[in-house]
Amino acid sequence: HGRTGKGVGLASAARRLYPDVMDQHGAIVVLTGAGISAESGIATFRGPGGLWEGHRVEDVCTPQALTADPALVHRFYDGRRAALPDVRPNPAHESLARLDRAWPGDVLIVTQNVDDLHERAGTRRLLHMHGALTSALCAACGARAPHAGPLPPGSRCDACGAAALRPDIVFFGEYPYEMERIEAALAACDLFVSIGTSGAVYPAAGFVALAAAYGARTLELNLEPSAGSDRFDETRLGPASRLVPEWVD
Ligand code: BV8
Ligand code: ZN
């Protein structure tokens with residue numbers, strides 16, 4: 001490449017990183033977690049201030065909690081959805097959007113996050129494996145539809161009419177979205193990069209081992225060592241808003 005001015009930066013950065021892997025426009029899979037949105041002002045889960053009304057995400061983000069106390073669970077997600085207009089993408093989201101636009105090979109950004117900061121930065125090859133605050137799921141017919149504003153328990157589904165809308169969030173014990181597509185991308189990628197995740201939650205925490213088993217090079221960009229750091233070829237410690245632009249550009 002080098003056809004577009006932008007391409008030169010990416011190409012030289014990639015060659016500097018993994019010359020053997022990236023010359024032939026290698027395929028890249030990026031996994032992001034709450035750490036990439038921390039500098040945009042969205043609290044992470046397992047750091048200081050990671051609790052919400054004294055609850056751990058593991059206690060609020062389950063089908064049992066939704067059945068036992070729907071108002072609490074809906075309130076948890078309504079509060080996080082309402083905060084979206086007050087935050088904006090940071091340089092880490094913006095440089096991943098540049099990578100998505102400028103890299104000539106395959107790129108897939110898989111996020112565990114439910115905020116819309118990757119979309120708002122312009123990333124298109126994006127997949128929310130744990131769902132999204134900006135959509136609602138019908139517990140009766142499975143329809144998913146964009147949703148803004150509060151989502152009170154008993155909200156009605158436009159597709160089937162049932163009063164069964166719930167936050168479109170993958171709870172603990174529920175199957176993450178698009179696992180087949182993710183596994184295929186991991187099997188085919190030349191480089192796997194993990195950004196801002198503690199490696200505490202599966203199956204996302206197992207992606208590095210899967211990518212490495214298929215021969216990909218693996219890189220971790222995180223503020224502090226994670227549960228999976230020793231599985232990566234390389235770990236760089238620091239804030240995502242500095243490390244991600246340095247890696248991409
Ligand atoms: C499933 C919903 C079956 C949305 C979430 C025992 C062993 C293995 C697995 C299990 C087990 N017991 C139970 C399980 C299964 C369970 C699980 O893994 N539990 C954990 C707690 C042990 N997993 C599930 O139930 C999943 N489903 O397994 O189904 C299956 C089996 C096989 C294959 C397919 C299906 C469903 C998991 C999804 C649950 N939903 N969220 C929401 O409310 O947000 S998980 C929740 O945690 C969020 O999605 C979040 O993304 C995710 C992971 O957290 P992180 O993103 O990593 O955030 P965290 O705060 O932990 O860390 C932030 C990191 O950023 C830190 O490292 C920090 O250092 C760093 N950081 C901070 N600031 C910065 C920074 N980095 C850079 N710059 C900064 N400025
Ligand atoms: Zn429905």
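Below, all heavy atoms of this structure are taken into account, side chains as well, without hydrogens, waters or symmetry copies. Counting starts at 1 for both ligands and their atoms, following the listed order. Quantities reported herein were computed from a predicted structural model and do not represent experimental measurements.
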* the Zn ion (ligand 2): angle it makes with SG (C138) and SG (C160), nearest 10 degrees -> 110°
Whether the side chain of [X] engages the backbone of [Y] through a donor-acceptor N/O pair (distance < 3.5 Å, no angle test) should be reported.
| X | Y | result |
| --- | --- | --- |
| N90 | I36 | yes |
| T218 | D233 | yes |
| R231 | V208 | no |
| D168 | A132 | no |

* Charged N to carboxylate O under 4.0 angstrom, D249 versus R98? ->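 Answer for the salt bridge query: yes.
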* Assign the ring pair H93 / H118 to parallel, tilted or perpendicular, where the plane angle (0 to 90°) is split at 30° and 60°. =>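 Answer is perpendicular, since the angle exceeds 60°.
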Note down each nitrogen or oxygen pair, ligand 1 side and protein side, whose separation is under 3.5 Å; give only atom names and the distance to 0.1 Å.
unit_1, atom_1, unit_2, atom_2, d
ligand 1, 18 (O), Y202, N, 2.7
ligand 1, 23 (N), Y202, O, 3.0
ligand 1, 25 (O), G173, N, 2.6
ligand 1, 27 (N), E174, O, 2.8
ligand 1, 29 (O), E174, O, 3.2
ligand 1, 40 (N), V170, O, 2.8
ligand 1, 43 (O), Y77, OH, 2.9
ligand 1, 43 (O), R80, NH1, 2.9
ligand 1, 44 (O), R80, NH2, 3.0
ligand 1, 47 (O), R46, NH1, 3.4
ligand 1, 47 (O), R46, NH2, 3.3
ligand 1, 49 (O), Q112, O, 3.2
ligand 1, 49 (O), H130, ND1, 2.8
ligand 1, 51 (O), Q112, O, 3.4
ligand 1, 54 (O), R46, NH1, 2.7
ligand 1, 56 (O), A34, N, 2.8
ligand 1, 57 (O), T197, OG1, 2.7
ligand 1, 57 (O), S198, N, 2.8
ligand 1, 57 (O), S198, OG, 3.3
ligand 1, 60 (O), F45, N, 2.7
ligand 1, 60 (O), R46, N, 2.8
ligand 1, 61 (O), R46, NH1, 2.6
ligand 1, 61 (O), S198, OG, 2.7
ligand 1, 65 (O), G196, O, 3.3
ligand 1, 67 (O), N222, ND2, 3.0
ligand 1, 69 (O), N222, ND2, 3.4
ligand 1, 69 (O), E224, OE2, 2.8
ligand 1, 76 (N), L223, N, 3.2
ligand 1, 78 (N), A240, N, 2.9
ligand 1, 80 (N), E39, OE1, 3.0

